[in-house]
Engineer: 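Sharing a structure, written as structure tokens. Questions coming.
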Amino acid sequence: MLFGLQQMMICLSSLLVIPYVVSDMLCAGDQALQIRVQLISATFVTSGIATILQTTFGMRLSILHGPSFAFLPALHTFQATFPCNADTNTNNWEEKMQMISGSCLIAVLIMPILGFTGLVGKISKYIGPVTIVPIMSLLTIGTVPDIEEKMALHWISIVEFLVLILFVVILERYEVPLPVFSLSEKKFKFTRQKIFSQFPYLLGISIVWFICFIMTITNAEPRGGEARTDQNASITVFDQTPWVQMPMPLFFGPPKFNLALVCGFMASCFAAMIESIGDYNLCAKISKQSRPPPSNTNRAFVVEGVGCILAALWGVGTGVTTYAENIAIMSVTKVTSRITMQMAGVLLILAGVISKFAAFLSMIPEPIIGGLLAMGVCLINGVSLSNLQVRLSPKKSIPEQRSRFLQTVDMKISRNLTIIGISIIMGLTVATHFEKTPLNTGNQIVDDVFGTLLTIRMLIGGVIAFTLDNITGGATRRQRGFVSEMDDEEQDPEKGESDIETNGYVLPSKLNQFFLRYSWLTYLPVIPSEREIREIEEKRNKFKIIEEKIEKA
């Protein structure tokens, strides 16, 4: 439960940003606060449902879903069309919400369609580290202005960042003695746990939030200061929020559609999908799994599409996507169990329904969120770059346990270096140019659609890297990073049959038996083939027989 709570706290800043942005775009005047609470509640519930579906039925790895920032460029374009000013009618917010949600609902249908047809799984076979690293690097670079803006609010954000560095880097291996009561011996004993590396975010938020509270009650922080815990807006939100609030779909009325916004959201979907493919591979790497099978990738995007549809119906304002910061923290805690993320999903739903809790979390001073965001992005960047590093892998077949070097991507080849460099620099350059000089073709729809596309750094860099990596010769698939040590281990004949139990991708046995009974379902791209299912069940049966023999012995 604590690990799940920490995963929820990590994504808190991202979960709260979208409701604030969307509620401001609606120009609802005095009703903005009430709408914001509704959006926060809807965001938590839909993110929780999407997370549980993804970890249980989709990719089946420890992945958390939340509102996608890739949709913000399209929303900003929409806001420019319907700006908030003194002449704005504050009663028209429902119509704007209907257009945002209806346009999002149409655009996100592309995700389950690509998943059901199997196109995503086929494309993912050609997306390797040379493509993933530039995408993730551009994601982190693109968040630098947001980090600077939030950390510039108050020096307490630096304290939060330094506390997290202390826990994650310096005290990572320090074991804290903790008292526990032994039922068998009926006395208290001490056990040593690495709580700083296991709960860095939970401890960091609690400590610095408490410091802000002390600064508030002693008036060390002046009235109106960003680090105060008694901000009027936050207290008003908390007071006006009901204890229990069940978010309802289409609370704003029937959906409407805006063609330019539909096209902009569709472009955002492609950017979010490329980001998710990178995140899936990143999560597999940290979870010590092989590359995601095509059937799991297809199924993951169907589930992600369902999450996006729910988000559109509930009025979140964006689709959902994988949160890389939650994957990054797993590299610190070393906890990659899907149950942890399922617990985070349950807590998110509870936080959305018990809306007082969501309102309480929204009272965290914004500079603390800046420190959290900075450390999260730093972890994402570090983990993404690990796709390129040389690592040491022991070979069991050698008696003296010598080690062999295995390089994920051969960085001695100038071809790989050049592609990575071009995609990152050009992704930044092209996006920056069109941010400063908006596209002007004379056609408003073309300008809105392609103007949005050409300002998404991840999309530009990802397309460049993907194209060059797959049309340029001079390197084998192994040198391009498609063969990892996990692939070699899977081919190791010395591996026991019990490894099927540590395979995070396989479906439960009862579900596999159902697919074997109706074998025509195995022809669907989202279901493993009949041969794969039979092999998995045979290994499971062998492992059960071995376990029974051991128990009898």
Engineer: Out of curiosity, Ile123 CD1 to Ile277 CD1, how far, rounded to the nearest 0.5 Å?
Structural biologist: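 If I round to the nearest 0.5 Å, the distance is 7.0 Å.
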Engineer: For the residue pair Thr43 and Pro67, what are the closest heavy atoms and their distance?
Structural biologist: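 Of all heavy-atom pairs spanning Thr43 and Pro67, the closest is CG2-CG, 3.3 Å.
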Engineer: Using modelled atom types only, decide if a donor and an acceptor are shared between the side chain of Ser337 and the backbone of Ile339 within a distance under 3.5 Å.
Structural biologist: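 Indeed, once roles are kept as given, a pair shorter than 3.5 Å links the two residues.
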Engineer: Hey, could you give me the CD1/CD1 distance between Ile135 and Ile460, rounded to the nearest 0.5 Å?
Structural biologist: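 One finds 12.0 Å between CD1 of Ile135 and CD1 of Ile460.
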Engineer: Would a 4.5 Å heavy-atom cut-off, applied to side chains only, mark Tyr201 and Gln7 as touching?
Structural biologist: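 Tyr201 does not reach Gln7 side chain to side chain.
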Engineer: Between the side chain of Gln54 and the main-chain N/O of Ala300, is any donor-acceptor distance below 3.5 Å?
Structural biologist: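 Between the backbone of Ala300 and the side chain of Gln54 there is a qualifying donor-acceptor contact (under 3.5 Å).
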Engineer: Closest heavy-atom contact between Val409 and Pro129?
Structural biologist: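 Result for this residue pair: CG2-CB, 3.5 Å.
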Engineer: Applying side chain to side chain contact (heavy atoms under 4.5 Å, CB included) to Asp279 and Ile63, what does each step give before you reach the verdict?
Structural biologist: CA-CA 9 Å; Asp279 288 341; Ile63 291 171; over 6 Å; no
Engineer: Which one of Ile424, Leu428, Ile422 satisfies the side-chain contact (heavy atoms from CB on, under 4.5 Å) criterion with Met426?
Structural biologist: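 Testing each of Ile424, Leu428, Ile422 against Met426, the sole residue satisfying side-chain contact (heavy atoms from CB on, under 4.5 Å) is Ile422.
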Engineer: Do Thr55 and Arg60 come close enough that some side-chain heavy atom pair is under 4.5 Å?
Structural biologist: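 A side-chain contact is absent here, since even the closest heavy-atom pair is not under 4.5 Å.
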Engineer: If only atom types and distance count, is the side chain of Gln289 paired as donor or acceptor with the main-chain N or O of Gly504 below 3.5 Å?
Structural biologist: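 Yes, Gln289 side chain to Gly504 backbone: donor-acceptor pair under 3.5 Å.
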Engineer: Would you find a donor on one side and an acceptor on the other, under 3.5 Å apart, between the side chain of Gln38 and the backbone of Pro247?
Structural biologist: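 A pair under 3.5 Å: no.
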Engineer: Does atom CZ of Phe434 have more than 12 heavy-atom neighbours from other groups under 6.0 Å away?
Structural biologist: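 Buried by this count: over 12 neighbours within 6.0 Å.
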Engineer: Spell out, as yes or no, whether a donor-acceptor pair under 3.5 Å connects the side chain of Arg338 to the backbone of Ser62.
Structural biologist: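 Checking the backbone N and O of Ser62 against the side chain of Arg338, no donor-acceptor pair under 3.5 Å is found.
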Engineer: What do you reckon, are the aromatic ring centroids of Phe71 and Phe265 less than 6.0 Å apart?
Structural biologist: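 Close enough - the centres of the two rings lie under 6.0 Å apart.
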Engineer: Checking side chain to side chain contact (heavy atoms under 4.5 Å, CB included) for the pair Tyr323/Asn326: CA distance, chi angles, key distance, verdict?
Structural biologist: CA-CA 6 Å; Tyr323 274 13; Asn326 292 86; 3.2 Å; yes
Engineer: Are the side chains of Ser137 and Asn381 in touch, meaning some heavy atoms are under 4.5 Å apart?
Structural biologist: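 A side-chain contact under 4.5 Å exists here.
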Engineer: Do you know the tightest heavy-atom contact between Pro292 and Asn281?
Structural biologist: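 Shortest heavy-atom contact: CD-OD1, 3.7 Å.
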Engineer: Do the non-hydrogen side-chain atoms of Met330 and Met341 ever get within less than 4.5 Å of each other?
Structural biologist: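 In contact.
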Engineer: Ignoring hydrogens, what is the shortest heavy-atom contact between Ser47 and Leu15? Give both atom names and the distance.
Structural biologist: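 Looks like OG-CD2, 3.5 Å.
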Engineer: Nearest 0.5 Å, what's the CD1-CG distance between Ile286 and Leu61?
Structural biologist: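 Going from CD1 on Ile286 over to CG on Leu61, the span is 11.0 Å.
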Engineer: Rounded to the nearest 0.5 Å, how far does CG of Asn512 lie from CD1 of Ile533?
Structural biologist: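 One gets 5.0 Å once the value is rounded to the nearest 0.5 Å.
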Engineer: Taking 4.0 angstrom as the limit, do Arg299 and Glu304 come out as a salt bridge?
Structural biologist: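 Salt bridge: no.
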Engineer: Could you tell me whether the side chain of Met25 reaches within less than 4.5 Å of the side chain of Met97, counting heavy atoms only?
Structural biologist: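 Sidechains of Met25 and Met97: no contact.
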Engineer: Mark yes or no for whether Arg480, through its side chain, and Asp469, through its backbone, hold a donor-acceptor pair below 3.5 Å.
Structural biologist: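 At least one qualifying donor-acceptor pair exists.
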Engineer: Should we say atom CZ of Phe360 is surrounded by more than 12 heavy atoms from elsewhere, each under 6.0 Å from it?
Structural biologist: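 For Phe360, atom CZ is not crowded (no more than 12 foreign heavy atoms under 6.0 Å).
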Engineer: Under the criterion side chain to side chain contact (heavy atoms under 4.5 Å, CB included), I'd like the reasoning laid out for Val316 against Leu39: C-alpha separation, chi angles, the key distance, then a yes or no.
Structural biologist: CA-CA 6 Å; Val316 173; Leu39 292 179; 6.0 Å; no
Engineer: Might you point out which heavy atoms bring Leu26 and Trp93 nearest each other, and give the distance in Å?
Structural biologist: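 Looking at all heavy atoms of both residues, the shortest contact is O-CB, 3.6 Å.
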Engineer: With heavy-atom distances below 4.5 Å as the criterion, would you say the side chains of Thr322 and Leu64 are in contact?
Structural biologist: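 Heavy-atom side-chain distance check fails, nothing below 4.5 Å.
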Engineer: How far apart are the closest heavy atoms of Leu347 and Gly4, and which atoms are they?
Structural biologist: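 Where Leu347 meets Gly4 most closely, the heavy atoms are CD1-C, 3.9 Å.
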Engineer: Would you check if Phe44 and Leu350 make a side-chain contact, meaning some heavy-atom pair closer than 4.5 Å?
Structural biologist: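 A side-chain contact is absent here, since even the closest heavy-atom pair is not under 4.5 Å.
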Engineer: Side chain to side chain contact (heavy atoms under 4.5 Å, CB included) for Ile35 and Phe252? Distances and angles first, verdict last.
Structural biologist: CA-CA 10 Å; Ile35 296 167; Phe252 42 81; over 6 Å; no
Engineer: Does any N or O in the side chain of Thr117 come within less than 3.5 Å of the main-chain N or O of Ile113, such that one atom is a donor and the other an acceptor?
Structural biologist: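 It does hold such a pair.
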Engineer: At what distance, to the nearest 0.5 angstrom, does CG of Leu516 lie from CG of Leu521?
Structural biologist: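 Rounded to the nearest 0.5 Å, the CG-CG separation comes to 10.5 Å.
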Engineer: Answer whether the closest heavy-atom distance between the side chains of Gln98 and Phe257 falls below 4.5 Å.
Structural biologist: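 Counting from C-beta outward, Gln98 and Phe257 never come under 4.5 Å.
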Engineer: Apply the side-chain contact (heavy atoms from CB on, under 4.5 Å) test between Val306 and each candidate in Ile49, Leu53, Val108, Val320; give the one that qualifies.
Structural biologist: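 With Val306 as partner, Ile49, Leu53, Val108, Val320 yield a single side-chain contact (heavy atoms from CB on, under 4.5 Å), made by Leu53.
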Engineer: Whether the side chain of Glu95 engages the backbone of Asn92 through a donor-acceptor N/O pair (distance < 3.5 Å, no angle test) should be reported.
Structural biologist: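 Checked: no pair found.
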Engineer: Does the His65 side chain pair with the main chain of Ala50, one donor and one acceptor, at a distance under 3.5 Å?
Structural biologist: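 No, because the side chain of His65 does not come within donor-acceptor range (under 3.5 Å) of the backbone of Ala50.
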Engineer: Working note: Thr51 + Gln342, criterion side chain to side chain donor-acceptor pair (under 3.5 Å); need CA distance, chi angles, decisive distance, verdict.
Structural biologist: CA-CA 7 Å; Thr51 297; Gln342 289 167 340; over 6 Å; no
Engineer: Centroid-to-centroid, Phe301 to Tyr280, below 6.0 Å?
Structural biologist: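 Aromatic pair counts; centres sit under 6.0 Å.
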Engineer: Is it the case that atom CZ in Phe57 sees more than 12 heavy atoms from other parts of the structure closer than 6.0 Å?
Structural biologist: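 No - once you tally the heavy atoms of other residues, nucleotides and ligands closer than 6.0 Å, there are 12 at most.
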Engineer: Rounded to the nearest 0.5 Å, what separates atom OG in Ser276 from atom CE in Met59?
Structural biologist: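 Answer for the OG-CE pair, Ser276 versus Met59, is 9.0 Å.
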Engineer: Is the backbone N or O of Pro525 less than 3.5 Å from a side-chain atom of Asn298, with the two atoms forming a donor-acceptor pair by type?
Structural biologist: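 Present.
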Engineer: Taking it one step at a time, do Asn296 and Arg291 satisfy side chain to side chain donor-acceptor pair (under 3.5 Å)?
Structural biologist: CA-CA 10 Å; Asn296 284 71; Arg291 284 175 61 85; over 6 Å; no
